[in-house]
Structure formats: C-alpha cells, structure tokens
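Below is one structure, written out as structure tokens; comments come after it.
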Amino acid sequence: MSSAALPGFRDFYPDELARRAHVFRAWRAVARRYAFVEYDGPPLEPLDLYTKKSGDEIVGQLYNFTDKGNREVALRPEMTPTFARMVGARANALRKPVRWFSIPQLFRYERAQRGRLREHFQLNVDIVGEESEVADAELLAVAIDIMRELGLGPADVRARVSDRRLLNGILLTLGVTEAQVGAVYGVVDKVARQPREVSAAKLGEAGLAPALVERVLQLAAGAEFADLQREFGAAPAAREHIERFARYRAHLDALGVGEWVDLDLSIVRGLAYYTGIVFELFDAKGELRAICGGGRYDTLLKALGGTDLPALGFGMGDVVLGELLSDRGLWPDAVQEPVDLHLVAGNGAGQRPYADALRLVAALRAAGLSVNHAMSAERYLSQATRNQVDSARKAGCSAAIYFREDGEVEAVSLLGKMKDAPTHVIPAALALAGDAAALHSLRDWLHQQRDPASNPNG
RNA sequence: GUGGCUGUAGCUCAGUCGGUUAGAGCAUCGGAUUGUGGUUCCGAGGGUCGCGGGUUCGAAUCCCGUCAGCCACCCCA
C-alpha cells in the first residue's frame with residue numbers, strides 16, 4: 001500500500017466529491033434563498049488572530065508553523081476571526097444588516113474520531129448589525145431549511161435552543177449568586193454527558209444549597225417553556241428574557257420551522273463568547289455529534305478590535321451531516337454528472353479515416369455536449385462494438401454515437417431497456433460541419449431521453 | 001495527551017492446532033469467428049497478511065513494540 005492521506009485528512013474520490021458537491025449545493029441554494037451573499041478569506045492566517053480570541057492554549061489545537069519570512073502562522077481552525085476582521089475593516093461602509101455566508105475548509109490539530117477530523121468543510125452563516133430576535137429566528141430557519149433541502153424532516157433532526165440571558169435570569173431568580181453563575185454554566189453544559197451525581201457534587205462545591213442543586217439539575221434536564229413562563233414570567237431578573245424568548249418562538253412558528261425546535265437550557269455552547277440565544281442541531285436519535293451550532297455573540301466584534309456591532313451566526317460541518325445522510329439513505333442515486341455521448345465503432349467506422357471520428361467528437365463538444373471516446377485508434381477499430389457499448393453504459397454515459405454503414409451518424413440511448421432503445425440520426429456531413437440545427441436536434445433528443453416523463457424506456 | 005477494541009487484494013471477508021507457492025465474492029482489465037447492450041462463459045492483473053522486532057525447524061496465526069482506524073475521555077466546530 002502506498003502512503004495514504006495524513007491522519008484526519010480525506011482523499012475525495014469522484015463519488016465522494018460528488019457527495020460533497022451535493023451538500024455544498026444545498027448549502028448555497030438555501031443561503032441564497034435567505035438573501036445571504038458568499039465571501040471567503042485566506043486559509044492561512046497570522047497565529048495571533050486566534051490566540052487573541054482564545055488564548056495561548058489554542059495553539060495546541062492548531063496547525064501552526066513559522067513561515068520563511070519568520071511569521072508565526074496557522075491554518076484557520078474557524079472562520080469567525082477572519083469574518084470579524086473583514087467586517088471590521090469596512091464596518092462603516094457595509095449596508096446593515098450584513099448577511100454573509102462562506103464554505104471554508106478548516107483545520108484543527110487533534111485526535112481524529114468519528115465525526116471529528118483534522119480537516120473539514122464548514123458552512124458559516126452570519127448576520128451583523130441586527131439586535132432583534134427576528135434575526136435569531138431567521139438564522140435558525142436557514143439551518144433548518146438546509147435539513148429540509150437535503151431530505152431530512154423534524155423526525156430526523158431536532159433544533160435545541162436556549163438563551164444565556166434567560167438562563168442567567170432564571171438562576172438569579174432562584175438565588176444563584178452572580179459569582180456562582182459561571183460554575184453553574186459549566187455544569188449545565190455537561191449535564192447530559194456526565195453522571196447526575198457528578199453534576200450535583202460540582203454544584204454543591206460551587207456553594208449551592210441542596211434544594212437549589214436539585215432545582216438546577218431539573219431545569220437542565222428539560223423544561224417546558226410554558227412552565228418557565230408561569231414560574232418566572234413576573235420575576236424582575238427574568239421577565240424581559242422570558243418575553244423575548246416568547247417572541248422568538250413565535251417568529252420561528254411564523255417562519256415555518258417551529259415544529260423542529262425544542263427548548264433545552266443545557267445548550268450553553270462552551271463557555272466562550274455567546275451572549276444570547278444559542279442553538280444546536282442534532283440527529284433525533286442522538287447517535288451523532290452536533291450537526292450544527294451557533295448563536296448570538298454581540299460583544300465579540302468589539303473584543304476582537306472591531307466596531308461595536310451586534311452579531312450572530314452558526315457553523316455547520318460536512319462530516320457529521322454526511323454521516324447522517326448516509327444513515328438515512330438520503331444521498332441521490334446518481335451523484336455523478338452523466339456524460340452525454342460515447343463514441344463507439346459502428347458498421348461504418350472502417351469506411352472513414354480515424355480523423356473523422358475525432359472531428360465528430362470535436363464538433364459535438366463545440367456544440368456543448370460532453371463526449372468521451374477510447375483514445376486509441378487501434379482499440380476503436382478492433383474491439384467488439386458490444387464491448388465498447390457495454391463499457392460506455394457502465395461508465396454512466398447517456399448515449400452511444402457512431403457512424404452507420406450508410407454513412408449517417410446515429411446516437412442510441414443507453415438509458416432504460418436495451419431492446420428497442422430510441423435512436424436519433426443526423427447526416428454525417430452536417431454533424432462534421434458543426435451544423436447548428438442538426439446538433440440542436442441531437443441535444444433536444446438527449447434531454448428527452450433523460451426526462452423520465454417522456455421516456456417510456458426509462 | 002489518556003484508556004479500550006480492531007488491522008489479510010480497491011471493497012466485503014475466509015484462512016482449522018503454528019505447517020507447501022495466502023484464497024473467495026464484488027470491482028477492474030482482456031477475450032468469446034470485424035462488430036449494437038445489463039445475463040452467461042473463459043482468462044488476466046492486483047497482497048511486504050499495517051510496520052518493526054522476538055519465540056520457533058517453520059509465523060497471517062503466539063509475544064512485545066510501533067503506526068493507523070474505531071470508541072470513550074479531554075476539548076470544541
């Protein structure tokens with residue numbers, strides 16, 4: 001076996017690239033439907049772009065090195081700092097709100113495992129300059145509509161949403177002190193991933209009374225928004241946030257994605273820079289890692305040295321999403337673009353110079369058709385036609401084309417049944433001369449063969 | 001970075017108690033009376049049994065190490 005790709009890196013063979021393209025198509029189609037525009041930045045950035053935001057510990061998880069100009073650089077592990085720089089540099093000139101998306105390839109140096117490689121492609125969708133919770137609803141709707149676009153439904157994927165301000169207000173109302181809030185977040189974030197006793201012990205260590213520990217764990221394990229409204233709707237520390245969240249839910253319903261969404265106060269998204277509504281998308285069976293995560297980060301742009309603008313966004317990677325599509329059998333049947341025509345030897349092949357065969361191929365290509373051929377005069381003339389036709393069909397070609405004994409050029413469909421396959425004839429002289437009408441008729445005929453509605457052989 | 005499981009052809013896997021030149025199916029390539037199809041038949045190529053060391057007359061097989069993959073931590077996307 002020759003050397004393979006580096007650990008955590010992928011070779012994309014044509015079938016795999018076609019699947020990747022399928023996901024990218026869905027990402028772009030939905031992002032554009034929501035009026036986002038695409039941008040990109042450099043895959044290599046100054047190292048301090050990341051250490052400024054995340055501290056020096058981050059270096060252990062980066063692909064970083066010193067370049068030949070003695071600059072400390074890193075392959076980008078995330079898009080947000082680049083995005084923040086680009087927006088910040090033109091903050092005053094950009095029409096607000098900014099709605100941008102990107103599909104960067106990102107890199108992280110850490111142990112690869114299922115759903116987690118050292119390299120992946122991640123859709124980033126961000127909005128800058130809008131504080132209304134309508135923007136939060138719009139953002140989540142983009143992520144959910146991508147699931148729909150790929151054939152997934154609310155029984156396959158669930159959106160879990162929370163709001164840090166809401167959780168904060170509830171905790172303060174219950175008697176958690178400002179000083180304890182940080183520690184409580186840390187426990188709540190992991191409540192589903194560690195034993196209840198461990199969570200309880202950590203909350204106790206943070207200074208929470210036993211009754212309060214129970215109450216916090218109960219809320220983190222699952223809460224109905226209606227119950228929260230009843231209990232905290234009038235509390236001074238929580239009321240504003242309860243009301244905002246109610247409006248958010250109503251916007252999601254109106255945007256047509258309400259049935260995908262569950263409240264889950266345990267969604268904290270690390271302890272980092274999120275300031276408001278946060279969300280994650282999971283497969284409904286809970287077998288995979290998060291498909292997507294994001295939320296509001298109103299203070300980050302300023303913290304990174306940019307303008308003080310509210311912002312929100314999410315990232316959605318191709319790896320977990322691809323695993324989910326595989327599990328659900330949702331990849332399209334024909335992932336490859338079929339080739340239109342394959343030149344084979346017909347009964348008239350021997351009557352013409354080989355150059356005519358290449359001229360025919362060239363004329364068809366000039367007319368915009370995709371055409372393959374054997375690239376060997378010897379094989380074209382000596383190999384049995386049935387083998388040539390069979391190879392073309394197996395390669396996924398839509399039709400074979402050849403010179404007939406009477407000198408005409410004939411195409412025969414390779415789709416559908418082999419008996420009585422449809423054919424289309426054009427005079428060889430017109431085909432070789434690149435006659436527009438003749439080639440147009442061939443193109444129409446090909447389209448007709450591919451359209452199942454008008455192709456009884458399909 | 002820590003621990004557990006697994007490594008045989010491009011893929012899925014056989015390979016007995018340690019015993020001759022490591023096999024099958026699928027896939028690929030060539031062919032089946034100068035020509036039009038999925039079936040069928042014949043044939044071919046393709047392996048440092050992950051890698052290195054050890055035990056042994058003899059190792060795919062047993063032992064140790066290492067690398068890679070998977071899983072769980074850690075951390076996050």
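Note that the coordinates shown come from a computational prediction; the quantities given were computed from them, not determined experimentally.
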Using Watson-Crick or G-U wobble geometry with both distances under 3.5 Å, which nucleotide pairs with [N]?
N: C70(B); answer: G4(B)
N: U16(B); answer: none
N: C49(B); answer: none
N: C26(B); answer: G10(B)

Sticking with atom [atom1], work out how far [N] lies from [M], rounded to a whole angstrom.
N: A22(B); M: A60(B); atom1: P; answer: 9 Å
N: C62(B); M: C26(B); atom1: P; answer: 30 Å
N: C13(B); M: G47(B); atom1: C1'; answer: 15 Å
N: A27(B); M: U12(B); atom1: P; answer: 15 Å
N: G3(B); M: G45(B); atom1: C1'; answer: 43 Å
N: C70(B); M: G25(B); atom1: C1'; answer: 26 Å
N: G10(B); M: U28(B); atom1: P; answer: 15 Å

Between [X] (side chain only) and [Y] (backbone N and O only), is there a donor and an acceptor less than 3.5 Å apart?
X: E280(A); Y: G294(A); answer: no
X: S370(A); Y: V339(A); answer: no
X: R118(A); Y: Y63(A); answer: no

Measure the distance from [atom1] on [X] to [atom2] on [N] and round it to the nearest whole Å.
X: R386(A); N: G31(B); atom1: CZ; atom2: P; answer: 10 Å
X: Q388(A); N: G30(B); atom1: CD; atom2: C1'; answer: 14 Å
X: Q383(A); N: U33(B); atom1: CD; atom2: C1'; answer: 17 Å
X: Y273(A); N: C75(B); atom1: OH; atom2: C1'; answer: 14 Å
X: H120(A); N: C76(B); atom1: NE2; atom2: P; answer: 15 Å
X: D318(A); N: A77(B); atom1: CG; atom2: C1'; answer: 11 Å
X: E287(A); N: C70(B); atom1: CD; atom2: P; answer: 17 Å
X: F403(A); N: U36(B); atom1: CZ; atom2: C1'; answer: 17 Å

Which residue, Q122(A) or R393(A), contacts RNA chain B at a nucleotide closer to its 5' end, judged by nearest heavy atom? R393(A)
More 5' along RNA chain B: Y380(A) or Y109(A), using each one's nearest nucleotide? Y109(A)
When you check the gap from the basic side-chain N to the acidic O, do K394(A) and D390(A) get nearer than 4.0 Å? yes
Looking for any heavy atom pair under 4.0 Å, which part of the strands does [X] touch: base, sugar-phosphate only, or nothing?
X: D390(A); result: sugar-phosphate
X: V320(A); result: nothing
X: G350(A); result: nothing
X: L414(A); result: base
X: G8(A); result: sugar-phosphate
X: A392(A); result: nothing
X: I291(A); result: nothing

Donor-acceptor pair between [X] and [Y] side chains, under 3.5 angstrom:
X: H251(A); Y: E133(A); answer: yes
X: D126(A); Y: Y297(A); answer: yes
X: R289(A); Y: Q113(A); answer: yes
X: H440(A); Y: R443(A); answer: yes

Looking at [options], which one has an atom nearest to any side-chain atom of [X]?
X: N387(A); options: A77(B), U36(B), A32(B); value: A32(B)
X: R111(A); options: U2(B), G30(B), A77(B); value: U2(B)
X: N347(A); options: C75(B), U36(B), C76(B); value: U36(B)
X: E410(A); options: C76(B), G37(B), U36(B); value: U36(B)

Between the side-chain atoms of R116(A) and the base atoms of C76(B), is any donor-acceptor pair under 3.5 Å? yes
Side-chain N or O of [X] closer than 4.0 Å to phosphate OP1/OP2 of [N]:
X: K190(A); N: C75(B); value: yes
X: Q113(A); N: G69(B); value: no
X: Q61(A); N: C76(B); value: no

